[in-house]
Student: 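The structure is given below, and queries will be raised subsequently.
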Amino acid sequence: VYVLYGNHDAESEMTKKLLLPDNVHAFEARKATSFPIPHLKVVLHGRSFKEAATTENLVTSYPDPVPGVLNIGVLHTALEGGSIHPNYAPCSLDELHAKGYAYWALGHVHEHKVWTGASTIVFPGNLQGRHIREAGARGAILVTAEDGQIESVERLYVDVLRWFALEVDVSSCQAMSDVVRAIGTSLEKAMLDAASSIPMAIRVTVRGRTPAHG
């Protein structure tokens with residue numbers, strides 16, 4: 001297990017005092033460090049946050065790739081910004097591709113995103129949506145590699161509850177009973193479309209001018 005500390009656990013007193021099992025390895029914060037896994041021909045490069053509000057570009061401190069093995073970069077970053085998350089450890093996609101690693105495992109942004117090219121760059125997203133602003137399926141990433149090359153990137157859904165935002169247009173409704181039926185029909189369709197046994201938490205937003213408003 002390889003742990004990289006981000007803005008929520010950057011060299012805090014709590015993480016300093018945690019007694020971790022022998023198989024857990026944490027990336028240093030003062031400089032980028034590498035963990036080779038010789039029997040797999042893999043090396044991981046990463047640098048933890050020293051301070052929660054880390055705004056410097058950490059990628060520039062990461063080492064060159066090791067020849068003949070699968071190089072994986074581990075980084076907590078807002079990437080190029082533009083998300084709802086604070087702009088910590090910003091860097092560009094071009095910088096990540098130029099580093100020469102086969103794969104970048106990114107954290108911080110809670111949405112699932114994948115970029116391909118010179119490197120495969122992935123935000124796995126979080127394992128569980130915490131509120132209505134983190135709607136939809138959530139999970140982890142299983143990466144398959146062979147001879148230093150990424151073969152596949154598979155998303156594994158592990159969430160136990162899913163949030164959905166549902167808008168219902170009631171402009172054609174004449175009475176409150178029509179509104180209730182419209183909402184019920186929309187809820188049934190949403191559950192059928194989801195095609196999952198996972199419990200759903202749905203926020204219903206009613207839109208449209210209607211005589212039933214009062």
Student: I want to check something: taking the side chain as every heavy atom from C-beta on, are Arg207 and Val168 in contact at a cut-off of under 4.5 Å?
Tutor: no
Student: Hey, are the side chains of Asp159 and Leu127 touching, using non-hydrogen atoms and a 4.5 Å cut-off?
Tutor: no
Student: Roughly how far, to the nearest 0.5 Å, is NE2 of His131 from CZ of Arg203?
Tutor: 10.5 Å
Student: Between Thr210 and Ser171, is there a donor-acceptor pair closer than 3.5 Å when you use the side chain of the first and the backbone of the second?
Tutor: no
Student: For the OG1 atom of Thr185 and the CZ atom of Arg181, what is their distance to the nearest 0.5 Å?
Tutor: 8.5 Å
Student: Is there a path of hydrophobic side-chain contacts, each under 4.5 Å between heavy atoms of I, L, V, M, F, W or Y residues, that connects Met191 with Phe164?
Tutor: yes
Student: Tell me the closest heavy-atom pair linking Tyr62 and Val74, and the distance in Å.
Tutor: OH-O, 2.6 Å
Student: State, to 0.1 Å, how close Gly208 and Asp169 come at their nearest heavy-atom pair, and which atoms those are.
Tutor: CA-OD1, 4.1 Å
Student: Anything under 3.5 Å between a donor and an acceptor, one on a side chain of residues 23-44, the other on a protein residue two or more places apart or in another chain? List them.
Tutor:
{"residue": "Arg30", "atom": "NH1", "partner": "Glu11", "partner atom": "OE2", "Å": "2.9"}
{"residue": "Thr33", "atom": "OG1", "partner": "Glu28", "partner atom": "N", "Å": "3.4"}
{"residue": "Ser34", "atom": "OG", "partner": "His45", "partner atom": "ND1", "Å": "2.7"}

Student: Give a yes or no on whether the backbone of His110 and the side-chain of Arg138 come within a donor-acceptor separation of less than 3.5 Å.
Tutor: yes
Student: For residues Met176 and Val204: do they belong to one hydrophobic cluster (side chain heavy atoms under 4.5 Å, members Ile, Leu, Val, Met, Phe, Trp, Tyr)?
Tutor: yes
Student: Hydrophobic cluster membership, with links at side-chain heavy-atom distances under 4.5 Å among I/L/V/M/F/W/Y: are Val153 and Leu142 in one?
Tutor: no
Student: Is the side chain of Asn71 donor-acceptor paired with the backbone N or O of Val69 at a distance under 3.5 Å, no angle test?
Tutor: yes
Student: Can you establish whether the number of heavy atoms outside Gln149 located under 6.0 Å from its atom CD is more than 12?
Tutor: no
Student: How many angstroms lie between CD1 in Ile132 and CD1 in Ile202, if you round to the nearest 0.5 Å?
Tutor: 9.0 Å
Student: Do you know which two heavy atoms are closest between Val158 and Ala140, and how far apart they sit?
Tutor: CG2-N, 4.4 Å
Student: Give a yes or no answer on whether the side chain of Thr60 reaches the backbone of Asn57 with a donor-acceptor pair at less than 3.5 Å.
Tutor: yes
Student: For Leu166 and Leu187, what are the C-alpha separation, side-chain angles and deciding distance, and is it a side-chain contact (heavy atoms from CB on, under 4.5 Å)?
Tutor: CA-CA 8 Å; Leu166 180 66; Leu187 285 169; 3.8 Å; yes
Student: Kindly work out whether a path of hydrophobic side-chain contacts (I/L/V/M/F/W/Y, heavy atoms less than 4.5 Å apart) joins Leu93 to Val114.
Tutor: yes
Student: Indicate yes or no for a side-chain donor-acceptor contact from Thr120 to the backbone of Thr116 under 3.5 Å, with no hydrogens or angles considered.
Tutor: no
Student: Output the distance between atom CE (Met200) and atom CZ (Arg162), rounded to the nearest 0.5 Å.
Tutor: 9.0 Å
Student: What's the shortest heavy-atom distance between Ala145 and Leu70, and which atoms?
Tutor: CB-CD2, 3.7 Å
Student: For Cys91 and Leu75, which heavy atoms make the closest approach, and how far apart are they?
Tutor: SG-CD2, 3.9 Å
Student: Please report the interatomic distance CG(Leu96) to CG(Leu79), rounded to the nearest 0.5 Å.
Tutor: 6.0 Å
Student: Decide side-chain contact (heavy atoms from CB on, under 4.5 Å) for Gln128 and Asn126; before the verdict, give the C-alpha distance in whole Å, the side-chain angles of both, and the deciding distance to 0.1 Å.
Tutor: CA-CA 6 Å; Gln128 173 62 56; Asn126 54 355; 6.0 Å; no
Student: Would you mind listing every salt bridge (charged side-chain N to carboxylate O under 4.0 Å, His left out) that reaches into residues 89-100, with sequence neighbours excluded?
Tutor: none
Student: Could you walk me through whether Glu151 and Val143 satisfy the side-chain contact (heavy atoms from CB on, under 4.5 Å) test, starting with their C-alpha distance in whole Å, then the side-chain angles of each, then the deciding distance to 0.1 Å, before giving a yes or no?
Tutor: CA-CA 8 Å; Glu151 297 286 328; Val143 181; over 6 Å; no
Student: Are Leu4 and Ile121 linked, directly or through other ILVMFWY residues, by side chains that come within less than 4.5 angstrom of each other?
Tutor: yes
Student: At what distance, to the nearest 0.5 angstrom, does OG of Ser61 lie from CD of Glu56?
Tutor: 7.0 Å
Student: On a heavy-atom basis, which atom in Val109 and which in Ala78 lie closest, and how many Å separate them?
Tutor: CG2-CA, 4.3 Å
Student: Of Tyr5, Phe49, Phe123, Tyr88, which is the lone residue that meets ring pair (Phe, Tyr, Trp, His ring centres under 6.0 Å) with His108?
Tutor: Tyr88
Student: Show the numbers, then the answer: is there a side-chain contact (heavy atoms from CB on, under 4.5 Å) between Ile72 and Tyr101?
Tutor: CA-CA 6 Å; Ile72 299 174; Tyr101 298 170; over 6 Å; no
